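One structure is given below, encoded as structure tokens.
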Amino acid sequence: MQAVTDPQLAVPRLLEFRAMPKLSARARARKVKLLLFDVDGVLTDGKLFFVPQGPSTQAPSSDRTAQGQIEVKGFHAHDGVGNSLARSAGIKTGLITRRSSETVALRARDLKIDHVHQGIQDKAGVFRQILEKEEITAAEAAFVGDDVIDLPVMRRCGLAIAVKNARPEVKSEAHWITAHAGGDGAARDAVEYILKAQGKWKKVVEDYISERGG
């Protein structure tokens with residue numbers, strides 16, 4: 001039996017096996033409905049401060065170390081506003097971090113962050129749980145990380161973001177890298193990038209200003 005050589009018949013068959021184009025970071029950002037962050041090195045600069053606990057010091061047990069010290073963290077105001085802007089745009093936010101701290105819990109409550117998971121070793125497992133709870137796909141979630149423990153989630157989410165000061169291994173697998181370092185506005189960068197990709201940025205900012213009497 002003679003093989004078909006008509007080029008008009010052959011072209012469609014060739015197209016069937018052509019590799020699908022990879023999505024750009026901006027195309028990935030358009031799908032995001034959930035934005036998750038690591039804490040140390042992302043929402044903070046990664047430094048941990050341990051203050052000796054005196055007789056009159058009243059600190060939550062989760063912030064006390066075995067040596068009777070108190071763990072202190074610092075957060076950037078720009079990131080706080082970024083979280084509010086994300087929420088105004090209908091994007092839920094969350095934290096997945098290996099350490100546990102009442103300071104983080106307080107900050108999360110203040111910002112009304114939707115998902116707060118501390119003391120987590122298996123970040124990918126918690127990520128799956130959050131997706132199930134929100135009833136969304138991995139492609140609709142973004143994660144911002146800085147160190148290798150964040151890679152399991154970054155490899156599974158739709159938009160993997162590394163902060164400017166992330167380790168090289170993390171940057172190499174990220175779809176996008178922030179202009180600012182962790183604790184210096186990196187989370188705000190991530191929010192702005194996503195909202196601009198979705199065409200929501202200008203309206204969300206104007207609404208935010210109007211709500212505050214601007």
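Fair warning: this is a prediction, and the values are worked out from it, not measured in the lab. Heavy atoms only: backbone and side chains are in, while hydrogens, waters and symmetry mates are out.
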Starting from [Y], can I reach [X] by hopping between I/L/V/M/F/W/Y residues whose side chains sit under 4.5 Å apart?
X: Leu111; Y: Leu43; result: yes
X: Trp176; Y: Val32; result: yes
X: Leu195; Y: Phe143; result: no
X: Leu85; Y: Val42; result: yes
X: Met154; Y: Phe127; result: yes

For a quick test of reading the model, state the closest non-hydrogen atom pair linking [X] to [Y] and the distance between them.
X: Asn165; Y: Gly182; answer: OD1-N, 2.7 Å
X: Ala139; Y: Lys31; answer: O-CB, 3.8 Å
X: Ala141; Y: Leu131; answer: CB-CD2, 4.0 Å
X: Ala89; Y: Val204; answer: CB-CG2, 3.7 Å
X: Val170; Y: Val148; answer: CG2-N, 3.8 Å
X: Ala29; Y: Ala197; answer: CB-CB, 3.7 Å

With a 4.5 Å limit on heavy-atom distance, are the side chains of [X] and [Y] in contact?
X: Leu95; Y: Leu36; answer: no
X: Val153; Y: Val126; answer: no
X: His78; Y: Val81; answer: no
X: Glu71; Y: Thr103; answer: no

What verdict does the side-chain contact (heavy atoms from CB on, under 4.5 Å) test give for Leu35 and Ile194, after you've listed the backbone C-alpha separation in whole Å, the side-chain angles of each residue and the deciding distance to 0.1 Å?
CA-CA 9 Å; Leu35 178 56; Ile194 292 168; 3.9 Å; yes
Rounded to the nearest 0.5 Å, what separation is found between the [atom1] atom of [X] and the [atom2] atom of [Y]?
X: Thr93; Y: Lys112; atom1: OG1; atom2: NZ; result: 11.5 Å
X: Lys171; Y: Ile161; atom1: NZ; atom2: CD1; result: 14.0 Å
X: Thr44; Y: Phe49; atom1: OG1; atom2: CZ; result: 9.0 Å
X: Arg98; Y: Ile149; atom1: CZ; atom2: CD1; result: 4.5 Å
X: Thr178; Y: Glu192; atom1: OG1; atom2: CD; result: 11.5 Å
X: Arg99; Y: Asp38; atom1: CZ; atom2: CG; result: 11.5 Å

Check whether NZ of the Lys or CZ of the Arg Arg188 lies under 6.0 Å from the centre of the six-membered ring of Tyr193 and within 45 degrees of that ring's axis.
no
Checking Asp45 side chain against Gly183 main chain: does a donor-acceptor pair fall under 3.5 Å?
no
So, does Asp150 use its side chain to make a donor-acceptor pair with the main chain of Asp147 at under 3.5 Å?
yes
The test is side-chain contact (heavy atoms from CB on, under 4.5 Å); show your working for Gln118 and Val104 and say whether it passes.
CA-CA 9 Å; Gln118 298 197 71; Val104 173; 3.5 Å; yes
Residues [X], [Y]: salt bridge by 4.0 Å N-O rule:
X: Lys164; Y: Asp184; value: no
X: Glu140; Y: Lys33; value: yes
X: Asp114; Y: Arg87; value: yes
X: Glu102; Y: Lys73; value: no
X: Arg167; Y: Asp146; value: no

Checking side-chain hydrogen bond (donor to acceptor under 3.5 Å, both in side chains) for the pair Glu134/His115: CA distance, chi angles, key distance, verdict?
CA-CA 10 Å; Glu134 290 294 335; His115 300 276; 2.6 Å; yes
Show, in sequence, the C-alpha distance, side-chain angles and deciding distance for Glu173 and Leu151, and conclude whether the side-chain contact (heavy atoms from CB on, under 4.5 Å) test is met.
CA-CA 8 Å; Glu173 296 199 36; Leu151 288 175; 4.1 Å; yes
With side-chain contact (heavy atoms from CB on, under 4.5 Å) as the criterion, how do Arg128 and Arg156 come out once you've worked through the C-alpha distance, each side chain's angles and the decisive distance to 0.1 Å?
CA-CA 9 Å; Arg128 287 192 295 271; Arg156 289 167 171 79; 4.0 Å; yes
